[in-house]
Amino acid sequence: MLAGRLHVTGRELRVESVPVPEPGRGEVRIRVAAAGVCLSDVHLIDGTLTPVYLRGDVVTFGHEVAGTVDALGEGVEGWQPGQRVLLQAGERDRRGTVLTRGVDYDGGWAEYALAREDTVMPIPDALPFEQACIIPDAVSTPWAAVTDTARTRAGEAVAVWGVGGLGAHAVQLLLLVGAAPVIAVDPLPAARDRALTLGADMALDPKDNAFRDVVLDVTNARGLDVAFDFAGVTPAREQAMTVLGRQGRLVLSGIANQPVTIPSDSRFNYSRQAVLGHYGSEAQHVEQLVSLAAQGRLDLTASVSDVLPLAEAAEAVRRVRDKEGNPIRLILRP
């Protein structure tokens, strides 16, 4: 079968032929129908990120995966060949360590993928594979940030820095929980336009000299209740701190690998503000989103920017890296 694999030593992506994997005890083999391309895949190639728990130096990419059950390993019950499913983006080992699919073990940029049976989730027939595959991570990460880490409440004033693959979904999800106003912040005009199309109340250029005045005006001088950094750059965090209100929370979902600086501890303490780290999601977040999509509360149609064959994985990575066409998500189809 074909698989898109990272050779870590040389930071090289190769689409190559590998044997079809056989499911072991407690495993399910999935015939992959769709797999998402994430910015973290780009960072694994360029060296910004490195697999921590990978055994060996080669791994099949792909942590956003959907398809059909193909074969069952020994001891697996409750699944039947042909069932439509998505895969959780990772799993915990016996020590509780979180392992990421397509990073720490083989993922779904392949014709077939293996998954531990407890990381497989059924999806309804009406949910296209191309949309289902991105729910783990691209949608569930901002959903967990919005609902669990930030505990966003209806009527709270919020802003999202970085309206890319995660931030664009954050805008939709904040509207779903009733945040108001929802402000999108991005230097790219196309990203700001997209945010408005998705329902943002306002889309601002972070370089606008009137930025702070506009935010304070639209929040009646109160400032933001929650600021979400999905850009993963220091200037976004610094700017967010200037418009954070009393008991405001700054949620760091983007990864900059840089120090986080609080400009004034007296103002920070007096206002009882908080800086919260966020990473990934849990199984229940994916379950909630599948349910919301199945009930028509969450429409991910606009999230699929394009679908490419697996053989063109390198081209998909280039387009994500260069932000060509300002994609939310590119999908690979084996």
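All figures in this text were calculated on a predicted structure; none of them were measured in a lab.
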Side chain to side chain contact (heavy atoms under 4.5 Å, CB included) between L252 and R237, intermediate numbers included
CA-CA 8 Å; L252 307 181; R237 297 159 180 192; 3.7 Å; yes
Going through the checks in order, is the salt bridge (charged side-chain N to carboxylate O under 4.0 Å, His left out) test met by R222 and D225?
CA-CA 8 Å; R222 190 183 64 197; D225 295 298; 3.2 Å; yes
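With salt bridges taken as basic N to acidic carboxylate O contacts below 4.0 Å, one links E91 and R116. We find that E111 and R31 are not joined by a salt bridge, their nearest charged nitrogen and carboxylate oxygen being 4.0 Å or further apart. A salt bridge between R14 and E12 is present, with a side-chain N of the basic residue lying under 4.0 Å from a carboxylate O of the acidic one. Between R329 and E64 there is a salt bridge, with a side-chain nitrogen of the basic residue lying less than 4.0 Å from a carboxylate oxygen of the acidic one.
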Below 3.5 Å, can you tabulate the donor-acceptor pairs from side chains in residues 125-135 to any protein atom, sequence neighbours excluded?
{"residue": "E130", "atom": "OE2", "partner": "R333", "partner atom": "NH2", "Å": "2.7"}

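Annotation: the span from L174 atom CG to W143 atom CH2 amounts to 9.5 Å, rounded to 0.5 Å.
Residues satisfying the side-chain contact (heavy atoms from CB on, under 4.5 Å) test with T149, not counting sequence neighbours, are V251, L276, H278.
For the residue pair L198 and A168, the shortest heavy atom distance occurs at CD1-O, 3.6 Å. Of all non-hydrogen atoms in R319 and P327, the two that sit nearest each other are O-CG, 4.4 Å.
Using a distance-only test at 3.5 Å, with no hydrogens or angles considered, no donor-acceptor pair links the side chain of R92 to the main chain of L99.
Applying the ring-ring contact (aromatic ring centres under 6.0 Å, His included) test to residues at least two apart or on different chains, the pairs with a partner in residues 54-112 are F61-W109.
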